[in-house]
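Just so it is clear: chains get the letters A, B, ... in the order the sequence lines come, proteins before strands, and each one is counted from 1.
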2 protein chains.
Amino acid sequence: MGRAGVSVERLVAAAAEMADEVGFENVTLSALARGFGVKDASLYSHVRNLKELRTRLALFAGGEMIDRIAAAVAGRAGKDALAAFAGAYREYAHRHPGRYAATQIRIDQTLVADSPAMRRTAGITYSMLRAYGLDEPDLTDAVRLLRSTFHGYCALEATGGFAAPRDVDASWDKAVDALHTALTHWPREER
Amino acid sequence: MGRAGVSVERLVAAAAEMADEVGFENVTLSALARGFGVKDASLYSHVRNLKELRTRLALFAGGEMIDRIAAAVAGRAGKDALAAFAGAYREYAHRHPGRYAATQIRIDQTLVADSPAMRRTAGITYSMLRAYGLDEPDLTDAVRLLRSTFHGYCALEATGGFAAPRDVDASWDKAVDALHTALTHWPREER
DNA sequence: CCTCCTGCCTAGAGCCTCTAGGCTAGAGCC
DNA sequence: GGCTCTAGCCTAGAGGCTCTAGGCAGGAGG
């Protein structure tokens, strides 16, 4: 009986597939082992435990996602860039619900901080926002607003939170418009 | 050995406590049974299965949450009402992370639709927004924007998503301000 | 050619959900 | 007071999951 050829990379890739099919929560080392034709105990020589697999999946998905977003934003500015960012974000969340869910788990901050994907994400977001003429700390506040709205919308959509008959794509476009006006009329301290 | 006196209500209440302590995901029928001094199989005569317990908890938490929000919003209007809504929302999410997580699970839409809590939530939100002079479908779009931002912010906060040194309360206030300006300058179709 | 290490294995503990079937105390009826 | 019915608990057991400990074999490198 030859070796099955499991590796961390193949494991994470398989986990990504499985997450999109059955949900991030339901990705199981047992099921992955079955997929590789291997006993589940064997996977523990490639990955410390389930938690480690999940954070690897999270970093993988985060990188994949920011690649798509970067490609969409490239060469655009202002409202165009914002819309492209938003569109790519939501499209990834739709196409890869399991991987997207993975990006939202709590991860050791030291791990996240020196992950290249995170740095890239921050860079792209901040440079996109600089077009609105914001300075710190408004810049950080605006980034948090955008992330919150984007994530919240996708999360609520994913759990079936939008029951009203109104088209969800139209609401999304409106939300992006509204964020644009919020950014252009950003509330400054008056004094 | 007398009866332990388990009931659906006590079960849900205990689950709510446990969810806030160990996280919604980690609420387990076994652990609840241990808490009641009862074998886990016994709980299945009060609740069909884990899923049913979870949706019961979700409806319970949803009702509790909208009660707090309603109390906070009462007697206020416009930006005041928005800020009160937002504050009560986030405070509940902070104080009861497990229950809040419960409110975000996917639930059978027919169950949700005729839950009184849901109707109340919709009523309060829509009436709060009418102060901004919006009509359908903008009203629904605006509700979705608010829910998305509120939920997204709390979710990201909960998973440690805001690593920057900027104070998270200040960013929240700014976000609420920004939403207010977005609502007052709501993007209309120009034609 | 030999050694070592990698990649797999078996065995087993522990925790979880959920089903099937049975016993019993107390409530309601005659 | 006796009778029945049922709610609320029980034991037994199957099956899925994570994870540890220890073993074996085949291919790569000295």
Side-chain angles (χ1 to χ4, degrees), chain A residues 1-60 97-99 101-102 105-108 111, chain B residues 1-60 97-99 101-102 105-108 111:
Chain A
M1 198 173 282
R3 312 237 159 156
V6 180
S7 69
V8 191
E9 290 74 24
R10 292 189 61 198
L11 208 45
V12 171
E17 295 291 322
M18 185 175 293
D20 288 337
E21 282 163 19
V22 304
F24 175 72
E25 301 283 299
N26 302 317
V27 170
T28 207
L29 282 170
S30 296
L32 285 172
R34 273 193 295 275
F36 280 105
V38 141
K39 297 294 172 182
D40 49 347
S42 306
L43 299 187
Y44 286 84
S45 45
H46 297 97
V47 125
R48 203 194 319 275
N49 50 28
L50 181 61
K51 185 180 173 190
E52 189 191 302
L53 176 71
R54 285 181 166 166
T55 89
R56 290 195 113 98
L57 177 52
L59 294 175
F60 168 77
R99 305 181 198 201
I105 62 171
R106 163 166 247 124
I107 296 188
D108 182 13
L111 257 180
Chain B
M1 199 174 282
R3 312 236 160 158
V6 179
S7 69
V8 190
E9 290 74 24
R10 293 189 61 200
L11 207 46
V12 171
E17 294 291 322
M18 186 175 293
D20 288 338
E21 283 163 19
V22 303
F24 175 72
E25 302 283 298
N26 302 317
V27 170
T28 209
L29 281 170
S30 295
L32 285 171
R34 273 193 296 275
F36 280 105
V38 141
K39 297 294 171 185
D40 50 346
S42 305
L43 298 187
Y44 286 84
S45 44
H46 296 97
V47 126
R48 203 194 317 276
N49 50 28
L50 180 60
K51 185 181 173 189
E52 189 191 302
L53 176 72
R54 285 180 166 167
T55 90
R56 291 196 114 98
L57 177 52
L59 295 175
F60 169 77
R99 305 182 198 201
I105 63 172
R106 161 166 248 124
I107 296 188
D108 182 13
L111 256 179

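- When every heavy atom of Phe24(A) is checked against every heavy atom of Gly98(A), the shortest pair comes out as CB-O, 3.6 Å.
- Taking atom CG of residue Leu50(B) and atom C1' of nucleotide dG16(D), one finds them 14 Å apart after rounding to whole Å.
- Rounded to the nearest 0.5 angstrom, Tyr44(A) OH and Leu29(A) CG are separated by 4.5 Å.
- For the pair Asp40(A) CG and dG15(D) C1', the interatomic distance rounds to 13 Å; values are reported in whole Å.
- Counting only heavy atoms from C-beta on, Leu29(A) has its side chain closest to dT18(D) among dC16(C), dT18(D), dG7(C).
- Rounded to whole Å, the distance from CD on Glu52(B) to C1' on dT17(C) is 14 Å.
- For the pair Leu32(B) CG and dC18(C) C1', the computed distance is 15 Å after rounding to whole Å.
- Between Ile105(A) atom CD1 and Leu59(A) atom CG the span is 8.0 Å, to the nearest 0.5 Å.
- Listed nucleotides dT17(C), dC9(C), dC19(D) differ in distance to Lys39(A); the shortest reach to its side chain belongs to dC9(C).
- Atom pair Phe36(B):CZ and dC10(D):P shows a separation of 13 Å (rounding to whole Å applied).
- How far CG of Leu32(A) is from CG of Leu53(A): 6.5 Å, rounded to the nearest 0.5 Å.
- Of the possible donor and acceptor atoms, none in the side chain of His46(A) sits under 3.5 Å from a partner among the backbone N and O of Leu11(A).
- Atom CG in Asn26(B) sits 10.0 Å away from atom CE in Met18(B) (nearest 0.5 Å).
- Each of Arg34(A) and Arg48(A) was matched to the nucleotide of DNA chain D holding its nearest heavy atom; the match closer to the 5' end belongs to Arg34(A).
- Using a 4.0 Å cutoff on non-hydrogen atoms, no part of residues 11-27 of chain B comes near DNA chain D.
- The CG atom of Asp40(B) sits 9.0 Å away from atom OG1 of Thr28(B), with the distance rounded to the nearest 0.5 Å.
- At the heavy-atom level, Thr28(A) lies under 4.0 Å from the strands shown only through sugar-phosphate atoms.
- At a threshold of 4.0 angstrom between heavy atoms, the contacts of Ala31(B) with the nucleic acid are absent.
- With Ser7(A) contributing its side chain and Arg10(A) its backbone, the two residues share a donor-acceptor pair below 3.5 Å.
- For Ala41(B), the listed nucleotide lying nearest its side chain is dT11(D); candidates were dT11(D), dT18(D), dC16(C).
- Figure legend: cation-pi geometry between Arg99(A) and Phe60(A) absent, as NZ or CZ is not positioned both under 6.0 Å from the six-membered ring centre and within 45° of its axis.
- Between dA7(D) and His46(B), no contact under 4.0 Å exists linking OP1 or OP2 to a side-chain N or O.
- Counting to the nearest Å, the P atom of dC18(C) and the CG atom of Leu43(B) are 11 Å from each other.
- Consecutive Watson-Crick or G-U pairing (both distances under 3.5 Å) extending over three or more pairs maps onto DNA chain C as C:1-30 with D:1-30.
- Annotation: the span from Arg56(B) atom CZ to Ile107(B) atom CD1 amounts to 11.5 Å, rounded to 0.5 Å.
- Residues Ser42(B) and Tyr44(A) each lie close to DNA chain D; by heavy-atom proximity, the contact nearer the 5' end of the strand is made by Ser42(B).
- Atom-to-atom, CZ of Arg10(B) to P of dG8(D) comes out at 12 Å; the value is rounded to the nearest Å.
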